[in-house]
Colleague: 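One structure coming up, written as structure tokens, with questions to follow.
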Amino acid sequence: MTALTTDKYSAGEQGLGYIYQARLALLHLLQLPEDTAVFLEKDDDLDFIDGDGGKALASLKHKAVGDRLTDLSTDFWKSVNIWLARYKRDGRAASNLRFFLFTTGTVSTDSFLTRLLPDQSLACGDVATLTEIANAALAESKSKLIAPIATAFNELSDPEKQDFLERILILDGSPRIGDIPAIIRDKHMRSIWREHREFVFERLEGWWTDAVIKQLTGARTEGIFGYEVSDKLSNVAEEYKTDNLPITFRGKVPADEIDTDADPRLFVAQLREIGISSSRIRSAILDYYRAFEQRSAWARENLLVSGEVEEYEDRLADEWNRYKDVAYEKLKNDSAEDALREAGATLYTWAEFETGKIESLRIRARVTEAYVLRGSFHILADAKPEPRVYWHPRFLDRLGEVLGVAP
């Protein structure tokens with residue numbers, strides 16, 4: 001593990017904490033009932049609201065390996081300071097609050113904080129109440145940071161102190177930030193092929209990060225519900241079934257500016273030859289880009305069967321060849337240029353708008369995204385040394401001229 005920088009101006013540790021916050025929220029939302037909602041940075045690091053309106057406030061501490069919580073650890077008492085304010089605000093004993101401290105560290109065995117760990121029972125002969133041992137610990141403190149927290153704590157009556165402390169649960173040994181993806185993959189993606197889980201997690205976390213950003217910026221005012229995570233995970237997983245493929249380039253645009261007049265590629269030149277408008281050419285360039293990049297992504301994720309793309313292109317080329325004969329049927333050797341361009345435009349319009357209705361022209365049965373099919377025709381129209389599909393009836397005869405090659 002790379003050591004964290006000690007530069008006093010570095011925000012690396014703080015940044016890690018924010019990422020940990022989002023990742024741990026995702027993990028626990030997957031583990032909780034689906035009607036649970038989470039808010040980030042509201043009353044605490046995380047607020048979990050259950051289906052009955054009960055609220056759990058969670059403080060998160062991503063600590064160095066080997067870190068321990070003791071009676072007077074500031075990590076614990078700073079969290080107590082936050083919780084006290086919420087407890088008093090919401091009616092003290094009448095409130096519906098619970099408090100959780102998630103820490104990657106561990107509680108020292110000789111600390112009274114062990115009483116706040118899950119499933120802890122009183123040791124034989126241990127009759128001291130939580131109030132009594134907390135009071136005793138605070139009485140030993142000389143910390144200027146803890147002093148005002150002790151004052152706020154002592155504003156509670158003894159029964160209120162006991163009630164408050166009994167609402168606290170410390171979950172020590174919580175997973176570290178780098179361990180969370182593997183936990184989600186191994187425990188919550190068992191219905192997904194193992195070789196696909198990493199990519200499914202990346203898709204899920206990308207969606208999750210966007211939802212978190214919207215909440216933190218105020219674009220989303222409601223909590224993020226567990227059922228939303230379940231639905232998204234199911235939707236993404238469906239794309240990795242044998243009759244489907246993930247669609248990840250919808251709405252994406254190339255980094256370079258699109259110039260329909262200067263683009264030198266063969267498939268663009270083909271469209272100019274049949275008089276397609278600049279706006280339609282721009283759409284064609286986007287379809288080509290998205291289809292090309294999508295294929296590359298599928299290949300990187302090893303989602304394609306050997307020869308699958310080639311067989312798919314053969315189907316497209318065969319169907320194009322059949323409709324080409326229909327589109328060109330009434331042309332003569334001496335047909336005017338206008339008639340040739342009109343026939344080519346008819347053929348291209350068929351490829352652009354009609355082929356999507358033909359189920360046999362899908363790369364897989366459930367891949368219905370239009371840019372996959374349209375872009376694949378443009379990939380065939382851009383093939384070298386000679387395009388596998390063309391629109392203008394005389395395009396192959398003019399190929400050398402279009403490419404700037406002397407006959």
Side-chain angles (χ1 to χ4, degrees), residues 19 22-23 26 178 180-182 184-186 188-213 229 231-258 263 265-268 282-317 351-352 355-356 359-384 387-389:
I19 301 171
R23 274 196 170 174
L26 175 60
I180 292 175
I184 291 176
R185 291 195 299 265
D186 295 343
H188 299 282
M189 296 186 178
R190 290 187 175 179
S191 63
I192 300 168
W193 289 99
R194 287 193 301 274
E195 60 266 29
H196 299 159
R197 290 175 189 171
E198 182 176 351
F199 302 108
V200 172
F201 173 77
E202 289 177 0
R203 295 274 305 282
L204 178 66
E205 188 171 45
W207 166 83
W208 175 255
T209 299
D210 184 62
V212 167
I213 289 171
V229 178
D231 290 348
K232 185 62 180 180
L233 180 56
S234 296
N235 287 341
V236 174
E238 281 296 317
E239 295 184 357
Y240 287 80
K241 298 291 179 66
T242 55
D243 61 348
N244 206 354
L245 286 165
I247 296 299
T248 55
F249 280 84
R250 184 185 294 117
K252 299 294 178 64
V253 297
D256 296 332
E257 184 178 351
I258 295 175
D263 194 311
R265 288 174 291 184
L266 189 57
F267 80 93
V268 179
R282 186 180 190 281
S283 295
I285 292 172
L286 288 173
D287 287 334
Y288 176 94
Y289 164 77
R290 291 164 183 165
F292 184 89
E293 295 297 331
Q294 188 68 80
R295 289 187 184 189
S296 299
W298 291 337
R300 287 193 299 272
E301 296 180 27
N302 295 316
L303 297 175
L304 298 171
V305 178
S306 177
E308 184 173 10
V309 169
E310 291 77 8
E311 187 274 336
Y312 174 57
E313 290 184 341
D314 287 344
R315 279 189 279 136
L316 296 185
E352 187 178 20
T355 53
E359 292 186 10
S360 63
L361 296 187
R362 299 172 185 173
I363 188 169
R364 290 189 186 173
R366 293 168 61 191
V367 180
T368 59
E369 183 63 40
Y371 72 72
V372 174
L373 178 55
R374 291 170 177 166
S376 293
F377 272 116
H378 293 306
I379 290 172
L380 291 173
D382 203 57
K384 304 292 190 307
R388 293 190 64 187
V389 306

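This one's a predicted model, so the numbers in the text were calculated from it and none came from an experiment.
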Colleague: How long is the straight-line distance from CD1 of I19 back to CD of E205, given to the nearest 0.5 Å?
Modeller: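 The distance works out to 9.0 Å.
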
Colleague: Atom NE2 in H188, atom CG in L204: separation rounded to 0.5 Å?
Modeller: 10.5 Å

Colleague: Would you check if V200 and R185 make a side-chain contact, meaning some heavy-atom pair closer than 4.5 Å?
Modeller: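 With C-beta onward as the side chain, the pair stays apart.
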
Colleague: May I ask you to say whether E369 pairs ionically with R250, meaning some side-chain N is under 4.0 Å from a carboxylate O?
Modeller: yes

Colleague: What heavy-atom pair brings P387 and L266 nearest, and what distance separates the two atoms?
Modeller: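 Of all heavy-atom pairs spanning P387 and L266, the closest is CD-CD2, 3.8 Å.
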
Colleague: Indicate yes or no: at least one non-hydrogen side-chain atom of W207 is less than 4.5 angstrom from one of V229.
Modeller: yes

Colleague: Kindly give the heavy-atom pair with the smallest separation between A291 and G375, and that separation in Å.
Modeller: CB-CA, 3.6 Å

Colleague: Pair R388, E313 - check side chain to side chain contact (heavy atoms under 4.5 Å, CB included), show working.
Modeller: CA-CA 9 Å; R388 293 190 64 187; E313 290 184 341; 3.8 Å; yes

Colleague: Answer whether the closest heavy-atom distance between the side chains of R364 and V305 falls below 4.5 Å.
Modeller: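 The answer is yes, as the side chains (C-beta and beyond) meet within the 4.5 Å cut-off.
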
Colleague: Considering only NZ, NE, NH1 and NH2 on the basic side and carboxylate oxygens on the acidic side, decide whether R282 and D263 come within less than 4.0 Å.
Modeller: no

Colleague: Measure the spacing between NE2 of H378 and CG of L373 and express it to the nearest 0.5 Å.
Modeller: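 Going from NE2 on H378 over to CG on L373, the span is 9.5 Å.
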
Colleague: Just say parallel, tilted or perpendicular for the rings of F267 and Y288, cut-offs at 30° and 60°.
Modeller: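 F267 and Y288: parallel rings.
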
Colleague: Before you tell me yes or no, could you show the steps for L380 and L316 under side chain to side chain contact (heavy atoms under 4.5 Å, CB included), namely the whole-Å CA-CA distance, both residues' side-chain angles and the distance that decides it to 0.1 Å?
Modeller: CA-CA 9 Å; L380 291 173; L316 296 185; 3.8 Å; yes

Colleague: Check whether any side-chain N or O of R203 sits under 3.5 Å from a backbone N or O of K232 as a donor-acceptor pair, and report yes or no.
Modeller: no

Colleague: Kindly say whether I180 contributes a backbone atom to a donor-acceptor pair with the side chain of R23 at under 3.5 angstrom?
Modeller: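 Side chain of R23 to backbone of I180: no pair is present.
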
Colleague: Got a second to check how far S191's OG is from R197's CZ, nearest 0.5 Å?
Modeller: 8.0 Å

Colleague: Treating D243 as the side-chain partner and R366 as the backbone partner, does any N or O pair qualify as donor plus acceptor under 3.5 Å?
Modeller: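 Here the side-chain-to-backbone pair does not exist.
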
Colleague: For I192 and V236, what are the C-alpha separation, side-chain angles and deciding distance, and is it a side chain to side chain contact (heavy atoms under 4.5 Å, CB included)?
Modeller: CA-CA 10 Å; I192 300 168; V236 174; over 6 Å; no

Colleague: Supply the atom-to-atom distance I363 CD1 to W298 CH2, rounded to the nearest 0.5 angstrom.
Modeller: 5.0 Å

Colleague: Taking Y371 for its side chain and F249 for its backbone only, find out whether a donor-acceptor pair lies under 3.5 Å.
Modeller: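 Side chain of Y371 to backbone of F249: a pair is present.
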
Colleague: Any side-chain heavy-atom pair from D287 and S376 closer than 4.5 angstrom?
Modeller: no

Colleague: Donor-acceptor pair, E301 side chain versus E195 backbone, under 3.5 Å?
Modeller: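 Absent.
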
Colleague: Can you check whether K241's main-chain N or O pairs, donor with acceptor, with W193's side chain at less than 3.5 Å?
Modeller: no

Colleague: Check for a donor-acceptor pair, side chain of R290 on one end and backbone N or O of K252 on the other, with a separation under 3.5 Å.
Modeller: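 Yes, the answer is positive, given that a donor and an acceptor are paired below the 3.5 Å cut-off.
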
Colleague: F377 versus T355: any side-chain heavy-atom pair under 4.5 Å?
Modeller: yes

Colleague: Measure the CG-CD1 distance between L245 and I247 for me, rounded to the nearest 0.5 Å.
Modeller: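 The CD1 atom of I247 is 7.0 Å from CG of L245, to the nearest 0.5 Å.
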
Colleague: Should E239 and N244 count as side-chain neighbours, where that means a heavy-atom distance under 4.5 Å?
Modeller: yes

Colleague: Taking the side chain as everything from C-beta on, heavy atoms only, tell me whether I285 gets closer than 4.5 Å to R265.
Modeller: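 Yes, their side chains come closer than 4.5 Å.
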
Colleague: Could you check whether any side-chain heavy atom of Y312 comes within less than 4.5 Å of a side-chain heavy atom of L304, counting everything from C-beta outward?
Modeller: no

Colleague: Could you go through the ring pair (Phe, Tyr, Trp, His ring centres under 6.0 Å) check for Y240 and H196 one step at a time?
Modeller: CA-CA 7 Å; Y240 287 80; H196 299 159; 5.4 Å; yes

